[in-house]
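Each remark here refers to the structure printed beneath this line.
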Amino acid sequence: MIAPEDRTPLPREFFDRPVVEVAPDLLGRIVVRTTPDGPIVLRLTEVEAYDGPNDPGSHAYRGRTARNAVMFGPPGHVYVYFTYGMWHCMNLVCGPEGRASGVLLRAGEIVEGAGLVRARRRSARNDRELARGPARLATALDVDRALDGTDACGAGDTPLRMLTGAPAPADRVRSGPRTGVAGDGGDGDVHPWRFWVAGDPTVSPYRPHVPRRSRS
DNA sequence: AGTAAGATCCTCT
DNA sequence: GAGGATCTTACTC
């Protein structure tokens, strides 16, 4: 359960900062997903920063498109994309409007609503795998493109909201190259913009980028 | 614990 | 037409 004092909503100003500053600050924060069947509450343990047009790894690197339009909007909104033909991943838009940067939510611990999540994540062999990985996290929270553009700092009824939670102590936060991003982890332009809580069992395993061979 | 391959389709070139 | 901010299953050690 979450302590009453940790249930304060994160204000929009929280997200209106450089994305590399916001990302580590999100560790330990709370995502509340309100579904018709009840709330699902998750504590963030792993995130990655993507800094808009300056970042070759970002979906916004080549400018605005129909898919990434939300990234160019105001901070505190949710950018959801569809990938590998079957999965969704979710980001929180950061920085000033137009900067097109965001934080990918990569993993977390389900602290409420585990029953609802287990029903949706049948392949998880234990509870720590329920939201261990960005697409697993999106599946656990029942997030798809229908929620693209949702305001996570909105008032009243919202499907998605961010709470202050209990931020991870600075000496527990680690950083390193981003997972599966070309350029990171190699000799080139490395961004150590993956952030996680040291020792937390819900943090996903690191996998470097590998170009996939095309079918013949 | 590690490796490998297949699934599947949207987005942009 | 190529490749992707991934996951699951199967198989090996």
Side-chain angles (χ1 to χ4, degrees), chain A residues 19-20 22-24 26-27 31 42 44-72 77-95 99-108 110 117-149 174-186 188-196 199 201-216:
Chain A
V19 66
V20 177
V22 177
L26 277 168
L27 298 173
V31 185
L42 173 140
L44 288 171
T45 59
E46 181 189 352
V47 299
E48 277 175 3
Y50 288 85
D51 190 20
N54 302 318
D55 178 2
S58 168
H59 285 176
Y61 183 59
R62 288 172 185 82
R64 182 182 184 134
T65 65
R67 173 175 69 160
N68 66 22
V70 171
M71 288 190 81
F72 289 80
H77 291 242
V78 179
Y79 165 52
V80 183
Y81 65 89
F82 179 71
T83 192
Y84 289 101
M86 59 195 103
W87 308 111
H88 295 274
C89 295
M90 68 178 287
N91 300 252
L92 291 164
V93 177
C94 292
R99 175 78 182 199
S101 57
V103 176
L104 172 69
L105 308 188
R106 288 196 56 89
I110 304 294
V117 176
R118 288 188 201 108
R120 203 175 291 107
R121 293 236 50 240
R122 300 293 300 278
S123 62
R125 292 176 302 186
N126 50 60
D127 281 4
R128 67 174 199 150
E129 290 186 349
L130 287 175
R132 191 181 190 230
R136 291 167 168 183
L137 183 150
T139 303
L141 298 180
D142 197 19
V143 167
D144 61 19
R145 276 228 108 201
L147 289 191
D148 185 48
R174 298 289 181 276
S175 68
R178 296 173 295 186
T179 300
V181 175
D184 283 18
D189 189 6
V190 177
H191 295 308
W193 289 349
R194 172 175 174 251
F195 301 93
W196 67 95
T202 65
V203 172
S204 70
Y206 173 71
R207 293 191 192 88
H209 174 75
V210 263
R212 295 194 315 148
R213 205 207 73 173
S214 57
R215 307 186 290 262
S216 56

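In the text below, chain A, chain B and the rest are named by the order of the sequence lines, each starting its count at 1.
Atom CZ in R67(A) sits roughly 12 Å away from atom P in dG4(C) (whole-Å rounding). In this entry the distance linking CG of D148(A) with P of dA5(C) reads 16 Å, nearest Å. When the P atom of dT11(B) is taken as reference, atom CE of M71(A) falls 15 Å away, rounded to whole Å. Remark: C1' of dT6(C) and CZ of R121(A) are 11 Å apart, rounded to the nearest angstrom. Here dG6(B) presents its C1' atom at 12 Å from CH2 of W87(A), a figure rounded to the nearest Å. The CG-P distance, from N68(A) to dT11(B), rounds to 11 Å in whole Å. For the pair R120(A) CZ and dT8(C) P, the computed distance is 14 Å after rounding to whole Å.
Side-chain nitrogen and oxygen atoms of S123(A) include at least one within less than 4.0 Å of the OP1 or OP2 phosphate oxygen of dT8(C). Dashed line: the shortest gap from a side-chain N or O of R132(A) to OP1 or OP2 of dC7(C) is not under 4.0 Å. Contact annotation: R207(A) does not reach the phosphate of dA5(C) (side-chain N/O to OP1 or OP2, under 4.0 Å).
By the criterion of a centre-to-centre distance under 5.5 Å and near-parallel planes under 30°, the ring of Y84(A) forms a stack with the base of dT6(C).
Note: I110(A) CD1 to R132(A) CZ = 14.0 Å, rounded to the nearest 0.5 Å. Summarising the geometry, atom CG belonging to L137(A) is positioned 10.0 Å from atom CZ belonging to R106(A); distances are rounded to the nearest 0.5 Å.
Among the nucleotides dA5(C), dT11(B), dT8(C), the one closest to the side chain of R145(A) is dT11(B). Considering only side-chain atoms of M86(A), the nucleotide from dC7(C), dA5(C), dT8(B) that sits closest is dT8(B).
Around OH of Y61(A), the count of heavy atoms belonging to other residues, nucleotides or ligands within 6.0 Å does not exceed 12.
Residue G57(A) is in base contact, counting any heavy-atom pair closer than 4.0 Å across all strands shown. Backbone-only engagement by T65(A) is indicated by non-hydrogen atom pairs under 4.0 Å involving sugar-phosphate atoms exclusively.
Taking the six-membered ring for Trp and the full ring otherwise, the centers of Y81(A) and H59(A) sit less than 6.0 Å from each other.
Under a 4.0 Å N-O distance rule, the pair D51(A)/R99(A) qualifies as a salt bridge.
One donor-acceptor pair, N or O on each side, does fall under 3.5 Å between the base of dA5(C) and the side chain of Y81(A).
Of the nucleotides present, dC11(C) is the one that pairs with dG2(B) by Watson-Crick or G-U wobble criteria, both distances under 3.5 Å. If you check dG3(C) for Watson-Crick or wobble pairing at under 3.5 angstrom, you find it paired to dC10(B).
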